[in-house]
Amino acid sequence: MPAVDYAGWSQDERNAKAVELMAEAGYGKDSPLDITLIYNTSEAHKKVALAVSQMWKQNLGVNVTLENQEWKTFLNTRGEQNYEIARAGWCGDYNEASTFLDLVQSGSGYNDAKYANDMVDGLLADAKTMDNPQPNYTKVEEIIAADMPIIPIYHYAGSFMIKPELIGSWPVENVEQNWYSKDLYKVAK
C-alpha cells in the first residue's frame, strides 16, 4: 500500500483541503456544486448514498441529488457513462492484487469510468509475467491514489466466531474467503 500524505490528516484537514480544491475549481457558498449520485436498489446502498450526500452538503456545500436505479438500468447507465458519480463495488475473485487493480486498466470491461492511464496499463501488463509483481502493483496504487479515478469509502467485512480449540488455516488473508475442512483440526481442552 503506498504512502499518501492525506492518510495521516485529520478529517478537518481533509475537509479544508477539499474546500480549497473546490474553490480553485470555482465552487463555494455562492456557487455550489450540484451533482447526481446514482446507486442500485438496496437499503444498504441507499444508506451509504444518504450519508455521503449529507457529509458533502454539511462539509463542502455540495448539493447532491440521489438517484436509485434497478440493477439492469443501473448497469446500462454506468456502462454508457451516463452519470456524474456512480456507486460501485467489487469483491476479489482470486487471491492476488490484480483482482482489484485490473479494474482501472483502460481495456477492462469493468472500468465504467473509462479511466485511462498509459503508465498504469503498462505496469499492469508487465506484472502479468513478473516473478514478483508487487513493485508494479505498488506503483499503480500510487498513481491511482494521486489521480483518484475512484473514491474508496469502505471495505466489505465479515465477523467470524471461532472456538479457540479449532486450529488450522483460516483464510483471514485470502480475499476469496475460501476455507477447507482438511486444513482445520480440533484440539481437546
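Atoms considered below: every heavy atom in the structure, side chains included; atoms not considered: hydrogens, waters and symmetry mates.
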Could you check whether any side-chain N or O of [X] sits under 3.5 Å from a backbone N or O of [Y], counting only pairs where one atom can act as donor and the other as acceptor?
X      : Y      : value
Gln58  : Trp56  : no
Arg14  : Ala7   : yes
Glu13  : Ser10  : yes
Arg78  : Arg87  : yes
Gln69  : Asn40  : no
Ser53  : Leu50  : yes
Asn111 : Gln105 : yes

If I compare all heavy atoms of [X] with all of [Y], which pair ends up nearest, and what's the gap?
X      : Y      : value
Ala145 : Met148 : O-CE, 4.0 Å
Ile144 : Pro149 : O-CD, 3.5 Å
Leu60  : Ala18  : CD2-CB, 3.6 Å
Val48  : Tyr154 : CG2-CE2, 4.0 Å

Show your reasoning for whether side-chain contact (heavy atoms from CB on, under 4.5 Å) applies to Lys57 and Val64. CA-CA 7 Å; Lys57 177 67 174 175; Val64 181; over 6 Å; no
Go through Asp34 and Thr65 one step at a time and tell me if the side-chain contact (heavy atoms from CB on, under 4.5 Å) criterion holds. CA-CA 8 Å; Asp34 296 308; Thr65 301; over 6 Å; no
Modelled atom types, side-chain donor and acceptor of [X] and [Y], under 3.5 Å:
X      : Y      : value
Thr41  : Asn68  : yes
Asn136 : Asp126 : no
Tyr137 : Glu96  : yes
Asn82  : Thr77  : no
Gln134 : Thr138 : yes
Asp147 : Tyr115 : yes

Please assess Asn63 against Ile35 for the test side-chain contact (heavy atoms from CB on, under 4.5 Å), listing each intermediate value before the final yes or no. CA-CA 6 Å; Asn63 298 318; Ile35 56 172; over 6 Å; no
Does anything in residues 15-33 form a side-chain hydrogen bond (donor to acceptor under 3.5 Å, both in side chains)? List the pairs, not counting sequence neighbours.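 Counting only pairs at least two positions apart or across chains, the side-chain hydrogen bond (donor to acceptor under 3.5 Å, both in side chains) contacts touching residues 15-33 are Gln11-Asn15, Asn15-Asn59, Lys17-Glu20.
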Give a yes or no on whether [X] atom [atom1] has more than 12 heavy-atom contacts from other residues, nucleotides or ligands under 6.0 Å away.
X      : atom1 : answer
Met119 : CE    : no
Lys128 : NZ    : yes
Lys72  : NZ    : no
Asn132 : CG    : yes

To the nearest 0.5 Å, tell me how far Asp121 CG sits from Leu123 CG.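 Answer rounded to 0.5 Å: 9.0 Å.
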I would like to know whether Asp102 and Phe100 meet side-chain contact (heavy atoms from CB on, under 4.5 Å); could you show each step before the answer? CA-CA 6 Å; Asp102 283 350; Phe100 294 102; over 6 Å; no
